[in-house]
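As structure tokens, the structure follows; a few thoughts come after it.
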Amino acid sequence: MPACDIFCKVIDNFGDAGIAWRLARSLSLEYGWSVRLVIDLPATLSKMVPEVDAQKRSQTACGIRVELWDNEFDEAGHEASDVVIEAFSCFLPADYEAAIARRIEAGRSCKVFALDYLTAEDYAESMHGLNSPHPRYGYPKTFFFPGFTEKTGGILRERNLDTDQRQFAAGGDRNALLASIGADPEHPFSLFFFTYPTTPVKALAESLVADPRPLQLLLAPGEASGMLADELDRLGTPSHIRLVRCPMFAQRDFDKILWSSHAALVRGEDSVVRAQLAGTPLLWTLYPQAEQGHLTKMRAFEALYGEHFADAKARESWAALELELNSGAREVRAWSAWRERMEHNRLAAQSWRRYLFGLEPQSARIVRACS
């Protein structure tokens with residue numbers, strides 16, 4: 001079986017590390033690859049993977065070799081692996097690039113992928129799979145663009161995910177999980193909340209207070225959750241709103257809180273994919289980009305996901321709320337309209353989930369590209 005090195009520099013807090021780890025686990029567990037993850041901030045990874053010791057330079061956790069990427073690693077003269085994945089334009093160490101060139105010159109295969117960020121934009125299809133020669137050594141690097149169509153690199157989805165979700169629902173585990181974090185399992189509407197502090201939290205809080213329907217907020221750890229709780233406290237936290245501060249979930253347990261929620265307001269890439277695979281009505285706050293570039297990304301996803309709404313008004317209210325949350329609006333006016341059409345939101349989310357489960361998973365596409 002191939003040996004694979006995945007390189008990752010953490011930029012988007014938990015997202016980059018989470019995606020790199022999820023890919024490493026899939027290639028290791030599902031395809032039997034020998035995987036090493038080289039990461040510059042193992043402390044970030046350790047917060048979602050408790051088996052990782054933040055203080056160790058080199059270790060094996062859950063069958064994955066984890067190594068600290070710093071100047072000492074750059075200068076160590078490592079041999080290149082059979083497969084090399086450069087996550088999110090992190091750029092490989094110069095000595096490692098030279099090792100790839102030596103390996104190829106010796107007649108040994110080395111497949112190099114440049115893994116990009118997830119997007120629904122058209123360029124993911126047009127650029128996925130293209131090769132670019134290294135400017136110095138000339139060996140090819142294959143661009144790998146995750147996306148939501150068969151012409152892209154797909155999304156990360158484990159083989160047993162559907163079975164795990166069905167067993168969770170059938171076994172009564174939802175009630176036990178919610179009770180364990182102090183939430184009410186019988187509450188009519190629980191929203192998992194995990195977003196960036198740039199989200200218009202103050203405006204959202206005002207809309208939540210103004211809407212009298214019961215709401216249980218499952219607040220993920222983070223600055224934005226603290227901001228929302230503080231703002232609701234300032235507004236008097238009316239009796240129809242219940243706040244639950246969630247612990248930091250390990251990545252292996254993150255799906256369970258999504259399976260236990262009626263809807264999810266999530267951020268970034270890994271979290272939003274997990275919410276989609278859970279079939280949970282979704283609000284996606286994207287990583288803010290210069291010149292509002294994230295709104296282009298938002299609208300591209302909206303065009304695909306929106307096709308799964310059978311009700312036009314439900315799609316309009318969802319799109320309006322997405323725009324308000326991602327554009328820093330001073331008022332969040334679409335919350336109540338989105339909430340009113342929750343059954344249509346649920347049906348759309350389930351339809352989109354079925355579509356995603358019909359696509360070939362990302363790790364399978366990488367394995368196929370190496371065969």
- For the ring pair (Phe, Tyr, Trp, His ring centres under 6.0 Å) test, which of F148, Y355, F301 pairs with H308? Y355

Using modelled atom types and a 3.5 Å cut-off, is there a donor and acceptor pairing between side-chain atoms of [X] and backbone atoms of [Y]?
X    : Y    : value
E231 : K202 : no
N326 : H294 : no
S351 : A348 : no
T152 : G154 : yes
S327 : L323 : yes

If I compare all heavy atoms of [X] with all of [Y], which pair ends up nearest, and what's the gap?
X    : Y    : result
L282 : V272 : CD1-CG2, 3.7 Å
P185 : R174 : O-NH1, 2.9 Å
A264 : T280 : N-CG2, 3.6 Å

Residues [X], [Y]: salt bridge by 4.0 Å N-O rule:
X    : Y    : value
R213 : D211 : yes
E150 : R365 : yes
E307 : R315 : no
D162 : R157 : no
R346 : E343 : yes
E302 : R299 : no
D82  : R103 : yes
R136 : E97  : no
D16  : K9   : no
E86  : K141 : yes

Within the 3.5 Å criterion, strictly below it, is a donor on [X] or [Y] matched to an acceptor on the partner's side chain?
X    : Y    : answer
S207 : R333 : no
T149 : E125 : yes
S317 : R341 : no
E322 : W284 : no
N131 : T142 : yes
S261 : S190 : no

Between [X] and [Y], is any pair of side-chain heavy atoms under 4.5 Å apart?
X    : Y    : answer
L23  : I6   : yes
Q251 : F14  : no
E269 : I19  : yes
Q167 : D164 : yes
C4   : S81  : no
Y117 : I11  : yes

- Message: On the six-membered ring of Y287, is R267 placed so that its NZ or CZ lies under 6.0 angstrom from the centre and within 45° of the ring axis?
- Response: no

- Message: On the six-membered ring of F357, is R353 placed so that its NZ or CZ lies under 6.0 angstrom from the centre and within 45° of the ring axis?
- Response: yes

Please report the interatomic distance [atom1]([X]) to [atom2]([Y]), rounded to the nearest 0.5 Å.
X    : Y    : atom1 : atom2 : value
L208 : W335 : CG    : CH2   : 5.5 Å
M227 : T198 : CE    : OG1   : 8.5 Å
K56  : S46  : NZ    : OG    : 12.5 Å

- Query: How far apart are the C-alpha atoms of E67 and R57, what are their side-chain angles, what is the distance that settles it, and do they pass the salt bridge (Lys or Arg N to Asp or Glu O under 4.0 Å) test?
  - Reply: CA-CA 6 Å; E67 293 198 29; R57 289 192 54 83; over 6 Å; no

- Considering residues at least two apart in sequence or located in another chain, which fulfil the side-chain hydrogen bond (donor to acceptor under 3.5 Å, both in side chains) criterion with R354? none

- Message: Under the criterion ring-ring contact (aromatic ring centres under 6.0 Å, His included), I'd like the reasoning laid out for H128 against F144: C-alpha separation, chi angles, the key distance, then a yes or no.
- Response: CA-CA 5 Å; H128 175 68; F144 198 95; 4.8 Å; yes

- Message: Go through it in stages, so that I can follow the logic: the residues are E121 and T296, the test is side chain to side chain contact (heavy atoms under 4.5 Å, CB included), and I'd like the CA-CA distance, side-chain angles, deciding distance and then a yes or no.
- Response: CA-CA 8 Å; E121 294 169 89; T296 300; 3.5 Å; yes

- Message: Checking one residue: V112. Which other hydrophobic residues are in its cluster under the side-chain 4.5 Å linking rule?
- Response: F7, V38, W69, F73, V84, L92, Y96, I100, I104, Y137, Y139

- Item | ring-ring contact (aromatic ring centres under 6.0 Å, His included) between F194 and F249, worked out | CA-CA 12 Å; F194 177 46; F249 289 100; over 10 Å; no

- Message: V273 vs L356, test: side chain to side chain contact (heavy atoms under 4.5 Å, CB included). Steps then yes/no.
- Response: CA-CA 10 Å; V273 167; L356 292 180; over 6 Å; no

- Query: Per the salt bridge (Lys or Arg N to Asp or Glu O under 4.0 Å) rule, which among R25, R252, R274 passes with E158?
  - Reply: R274

- Query: S225 and F193: side chain to side chain contact (heavy atoms under 4.5 Å, CB included), yes or no, with the steps?
  - Reply: CA-CA 7 Å; S225 291; F193 183 86; 3.6 Å; yes

[atom1] ([X]) with more than 12 external heavy atoms under 6.0 Å:
X    : atom1 : answer
R234 : CZ    : yes
Q292 : CD    : yes
D230 : CG    : yes

- Task: Take R65 and S58, measure what side chain to side chain contact (heavy atoms under 4.5 Å, CB included) needs, and give me the verdict at the end.
- Result: CA-CA 7 Å; R65 192 69 184 168; S58 182; 2.6 Å; yes

- Message: Is there a salt bridge (Lys or Arg N to Asp or Glu O under 4.0 Å) between K313 and E316? Walk through the geometry before answering.
- Response: CA-CA 5 Å; K313 290 186 177 180; E316 290 170 5; over 6 Å; no

